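Comments concern the structure below.
Below, read A as the first sequence line, B as the second, and so on, with proteins coming before strands; counting in each chain starts at 1. As the structure is a computational prediction, the values presented were derived from the model and not from experiment.
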Protein chains: 2
Amino acid sequence: MAPQDTGPAQVVLTASVARRYYLDGRSKVEIADEFGLSRFKVARLLDAARASGLVRIEIRHDGGIDVDLSARLRDAFGLQHAIVVDTPDDDLVSLREHVGRAAAGLLAEIITPQDVLGLAWARAVSAMARALRPLPGTPVVQLTGALSLPDGPDTSVDVVRDVAAASGGVAHCFYAPLTVSDAATARALRQQPEVARAFGQVPSVTRAVAGVGLWEPGQSTIHDAASEADRRALRELGVCADISGVFLSADGEPVPTELAERMITISVEEMRSIPEVVVLPYGIRKAPAARAALRSGLVGGIVTHTALARAVLDT
Amino acid sequence: MAPQDTGPAQVVLTASVARRYYLDGRSKVEIADEFGLSRFKVARLLDAARASGLVRIEIRHDGGIDVDLSARLRDAFGLQHAIVVDTPDDDLVSLREHVGRAAAGLLAEIITPQDVLGLAWARAVSAMARALRPLPGTPVVQLTGALSLPDGPDTSVDVVRDVAAASGGVAHCFYAPLTVSDAATARALRQQPEVARAFGQVPSVTRAVAGVGLWEPGQSTIHDAASEADRRALRELGVCADISGVFLSADGEPVPTELAERMITISVEEMRSIPEVVVLPYGIRKAPAARAALRSGLVGGIVTHTALARAVLDT
DNA sequence: GGATGCGGTGCTCAGATGAGCGCCGCGCTC
DNA sequence: GAGCGCGGCGCTCATCTGAGCACCGCATCC
């Protein structure tokens, strides 16, 4: 006896109303007048149109950013910025390039002339530097000593100088290795005028960019450059991740290490005092390290890719 | 120097705001509070999201009705109802079934117990009757005499009786042919109590359903049943279409014919007095006839299919 | 150095909108 | 036939929203 839930004429009317409202931008009052309905009726038709799936609204970005994952990541860890690059790739070099490019975009967006930019060394940071377009004259501060990689063209010094050149700002850089053989040498190096001058700028740094290492072979340049004894020692201390020479346990607690004392880099306290540290993890295996970094509270921004973001969130 | 038009962080923010607004149904004020923005900023972000294509709204019905064409047809001809069945088919039998089913749905939707339903004979009307689900006890009035087709199981009488049975209402039907050999016989037949009783109900008919014929071979049961002389005579009078025995020129003007006087059917005036006549044209070739019917002003509703609707509108 | 224009922001105020409520008609039950 | 429950409708009133405007900072140009 009942006509079906909604008849065809109803469907057509609803669709017409929905079109006028959602696509033509008319007000419900106008539509009500036009169709000879009450504005309440129009509102109910529109509700029905939404509920029945006649009107479908989707939010999608085709510029290579997964906006949904980005927002979830940002909200899950209370971050200031999260960018998840949408790429099905799983080649590390390609991922790094994508993340670097997105980080360059983010930096260009959020950096103002009042900012002071700190850069740790990481291959992703180097990729970012290469993709960077001119910034408004921002000073750039080197946060870590240089690590000479056989395959890497850029050292931390190069990156800082390149970025400063692009920004037209001052480059606070120094020539020193990332790690030395004993704490005394490290302390001595930090006293060097050049190094001391750069590190003296750290308290004024407002944004920093760093990579994230996982304390496993091939997942951290620091790990790979360390001695077998250091590798084992840190593993036994429960080190899971490193951010610019700051070591973290799996749940994000800073882990004091003897190795850190032999490194030319910033301390946990210095890092914590930087208003926004942006990290650039990539590669699905680094999920535990990324999670540790996000849990540490040291990080205010992240640029990564879909697979890793999902892995971090699905825990 | 300018960062690109919108940076990645901006995109993520905009998408989050759009999600909250369009998908979660929050008000702009709530969103502004949540994100620490002014409500104006939220409104502008949403505008930008719409403009940039980040938010896409589409209105689509997957129930076999082309809502867009339906509405265009309704508006173009000022109809009360237009239903365009979305089918890529071009087989006449299949089209007729689809149109019939949709017409049954429309009828079930718009018929009330206060209505009086008139039915002309047409194969599509017969298809509709077969698809009809129970109606609220509506009286049904036969509007045309019977035409015996070799392949048609239903005559106009059958259709009326079936529909009345389904509705539980009274069937005002009669046994008489659609056309006879001379006007005097037709007049005499109309005086028959049974026939006169049915036609006496015509002024109270509030909705009628009829087919549309194109005055060409194979496009009108009346044409095909007519003598060669009649076919030629009407062609020379400029007859393009017929609706339930009412003949129309290509621009929808009623054409008085001698043939009409030999038919047991309603007059133009009677048809015009019916508040809503729903026609069921199908088959792309009938476009001129459908157009004529819609232009005539006699028609208040149409049920047809995509190809024909498009052909009618693209003129 | 001051005038000018432009993009981005948030204000006012009128008009649009939503939540909740009461009314009405219908079908069902007893 | 009276009572009941339900769904659809439109009202009120508080809130939300949009159009237009004024303001600010910045860059540009005489």
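- The side chain of Ser27(B) approaches dC16(D) more closely than any other nucleotide in the set dC16(D), dT12(D), dC21(D).
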Apply side chain to side chain donor-acceptor pair (under 3.5 Å) to the pair Ser27(A) and Arg39(A), showing each step before the final yes or no. CA-CA 9 Å; Ser27(A) 79; Arg39(A) 69 182 181 85; over 6 Å; no

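- Of the candidate nucleotides dT9(C), dC9(D), dG18(C), dT9(C) has the atom lying nearest to any side-chain atom of Lys41(B).
- Within the structure, every side-chain polar atom (N or O) of Ser38(B) is placed at least 4.0 Å from both OP1 and OP2 of dT9(C).
- When the C1' atom of dC11(C) is taken as reference, atom CG of Leu37(B) falls 17 Å away, rounded to whole Å.
- Considering CD1 of Ile57(A) and CD1 of Ile57(B), their distance stands at 4.0 Å, rounded to 0.5 Å.
- Side chain of Thr306(B) to backbone of Thr87(B): a donor-acceptor contact under 3.5 angstrom is found.
- Dashed line: the shortest gap from a side-chain N or O of Lys28(B) to OP1 or OP2 of dT17(D) is not under 4.0 Å.
- Nucleotide dG20(C) holds its P atom 14 Å from the CZ atom of Phe40(A), rounded to whole Å.
- When the C1' atom of dC16(D) is taken as reference, atom CG of Asp33(B) falls 12 Å away, rounded to whole Å.
- Rounded to a whole Å, the CZ atom of Phe35(A) is 16 Å from the P atom of dC9(D).
- When the P atom of dG8(C) is taken as reference, atom CG of Asp47(B) falls 13 Å away, rounded to whole Å.
- A donor-acceptor distance shorter than 3.5 angstrom exists from the side chain of Thr144(B) to the backbone of Trp121(B), with no hydrogens or angles considered.
- A donor-acceptor contact closer than 3.5 angstrom is absent between the side chains of His81(B) and Glu109(B).
- Between Arg39(B) and Val29(A), the one whose closest nucleotide on DNA chain C sits nearer the 5' end is Arg39(B).
- Atom CG of Leu46(B) and atom P of dA19(D) are 13 Å apart (whole Å).
- If you measure from atom CD of Gln10(B) to atom C1' of dG8(C), you get 12 Å, rounded to the nearest angstrom.
- With DNA chain C read from its 5' end, the first of the two nearest nucleotides for Gln114(B) and Arg26(A) is the one closest to Arg26(A).
- Of the candidates dT17(D), dT9(C), dG18(C), dT9(C) carries the atom nearest the Arg44(B) side chain, counting heavy atoms from C-beta on.
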